[in-house]
Each structure stands twice: as C-alpha cells, then as structure tokens.
Amino acid sequence: MLNIVIFGAPGAGKGTQSDNLISTYHLLHISTGDVLRDNIRRGTELGKTADAFISKGQLIPDDLMVSILASVLDEKAEEAKEGVIFDGFPRTIPQAKALKKMLAERGTGVTVVVGLEVPEDELVKRLLKRGQESGRSDDNLETIKSRLQVYHNQTAPLKDFYVAEGIYAAINGLGTIEGIFADIKKAVDAKK
Ligand code: AMP
C-alpha cells in the first residue's frame, strides 16, 4: 500500500497537489476539511458541531476527528486497498499517533509525508485570493490569522515527529504547480 500524508499550512497547496497525486497514483483521497464541509452543507449534527470550530479557525477536537477518520476508512476500505492520500489529517500529535495505530491495525503505515513549505506572507496572499474566488467562509483575514496561529502551535510540531520516523520529505511549495509536483513525485517514488 502507498499511504501519503500531504502536510503543510493552510494555503500551502495541499488540495491542488492532492489532485495531482490522485491522477498519478490512483489512490483514495480523504480530505477531512471536505468531509466536514460536506456535513455542514447537509446540515448533519456533525456539521453543526464542526461549523462552530471551523468558522473560528479552530481545530475540531482530536477524539471526534479520529473517529470520523476511522469511519471513513472503514466505509471506503475497498477503495483504500491500494492506499490513501490523507489531506488535512493529521493536524496534531495525538492525531498522528492515532493514525499510526489505525493503519497498523489494518496491516499498513504511512509511507511518506509530503511537507509543502511556504513562507507566511505568501500563505496569507493565497488564502485571501481563494476567499475571493471560492467564497470559503474561513478564508477571511481574521480567521486566516487564527488558522495560521493554530498551525504553528498544534500542527507544525508534526514535522519533527515525522522527521524522527524517517518519512518526512520537505518540498519547496513556491514555484509552478507542475514544478512543485515534479519534486513531490520524486520524493514519493523514492519511498515507494
Ligand atoms: P482544510 O480544508 O483542511 O483547510 O480544513 C478546514 C477546517 O476544518 C480547519 O481549519 C479545521 O477547523 C477543520 N479540520 C480539518 N481537518 C481537521 C483535522 N484533522 N483536525 C481538526 N480540525 C480539522
């Protein structure tokens, strides 16, 4: 199995590069942000809970997030046979540990963590642009600032966690989409 975690700050290009990974490796793509936004659209109980956190730029609590991910993995076990692209998960050390356990129970593990590294001023620029184009409610300056703060406090420490596991691939996230993907592909193929 080829299990890829696409990792980086909000606006680093995780969604865009996930599309490239899907068309190259034909793996199941799980974006926890998409799962949550879909629940918000459908007005489910989970969506109502999630909306309160997302609109403030905060993370959904780990226990809830881990159980959501476990049910998606179970529901889509057939599609996940060749592997999974995890987009937006894990975002905390407890989530990373839970993912390791979940995958071990399924006889597998994370193959490579693609870390998209982009300077902060560029992230803000991209997120504001996306807010104008897509109308995503959390892409406004106030929420962007708290999401970046949350990223630095809770998510950035995952880099050291995965460096210690020997599976972190640092990718310069500045440049053309194609050029960045060429670097990603090299990193993934080296770990396959
Ligand atoms: P994203 O689309 O990945 O940028 O996620 C949008 C929002 O969904 C985040 O700002 C969080 O509020 C929430 N979210 C997505 N994934 C997670 C996660 N793994 N843990 C906690 N909250 C998450």
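Whatever order the structure lists them in is the order used to number ligands and atoms, beginning at 1.
In summary, the side chains of Asn20 and Tyr25 do not present any donor paired with an acceptor at a separation below 3.5 Å, with no hydrogens or angles considered. Side-chain contact annotation: Asn3 with Thr108, donor-acceptor N/O pair under 3.5 Å present. Asp138 and Thr143 share no donor-acceptor pair across their side chains, judged by distance under 3.5 Å alone. Using modelled atom types and a 3.5 Å distance limit, the side chains of Glu120 and His152 yield a donor-acceptor pair.
Proximity of Arg136 to ligand 1, defined as any heavy-atom pair under 4.0 Å, is confined to the side chain (atoms from C-beta onward). Residue contacts with ligand 1 for Gln58 involve N, CA, C or O but no side-chain atom from C-beta outward (heavy atoms, distance under 4.0 Å). Here Leu36 has side-chain heavy atoms under 4.0 Å from ligand 1, and that is the only part of it that gets that close.
The shortest contact between atom 5 (O) of ligand 1 and any protein heavy atom is with Arg91 NH2, 3.5 Å. For atom 10 (O) of ligand 1, the nearest protein heavy atom (residue, atom name, distance) is Arg147 NE, 4.0 Å. Here the heavy atom of the protein found nearest to atom 18 (C) of ligand 1 is Met65 CG, 3.4 Å.
Those atoms of ligand 1 with a heavy atom of Gln95 less than 4.0 angstrom away are 18 (C), 19 (N), 20 (N), 21 (C). The distance from ligand 1 to the heavy atoms of Ile54 drops below 4.0 Å at these ligand atoms: 7 (C), 8 (O), 12 (O), 13 (C). Residue Arg37 approaches ligand 1 through these ligand atoms, each under 4.0 Å from one of its heavy atoms: 2 (O), 6 (C). Taking every non-hydrogen atom of Thr32 and a distance limit under 4.0 Å, the qualifying atoms of ligand 1 come out as 15 (C), 16 (N), 17 (C), 19 (N).
Selection from Ile68, Ile60, Ile144 by nearest heavy atom to atom 21 (C) of ligand 1 gives Ile60.
Under a 4.5 Å side-chain heavy-atom cut-off, the cluster of Ile, Leu, Val, Met, Phe, Trp and Tyr residues that includes Ile177 has no other member.
For the pair Lys14 and ligand 1, the shortest N or O to N or O distance does not fall below 3.5 Å.
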Step-by-step side-chain contact (heavy atoms from CB on, under 4.5 Å) determination, Lys48 to Asp51: CA-CA 5 Å; Lys48 284 176 201 155; Asp51 197 22; 5.9 Å; no
Is there a side-chain contact (heavy atoms from CB on, under 4.5 Å) between Met65 and Gln95? Walk through the geometry before answering. CA-CA 8 Å; Met65 211 56 240; Gln95 288 183 16; 3.7 Å; yes
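Between Phe7 and Tyr151, the ring-plane angle classifies as tilted under the 30° and 60° cut-offs.
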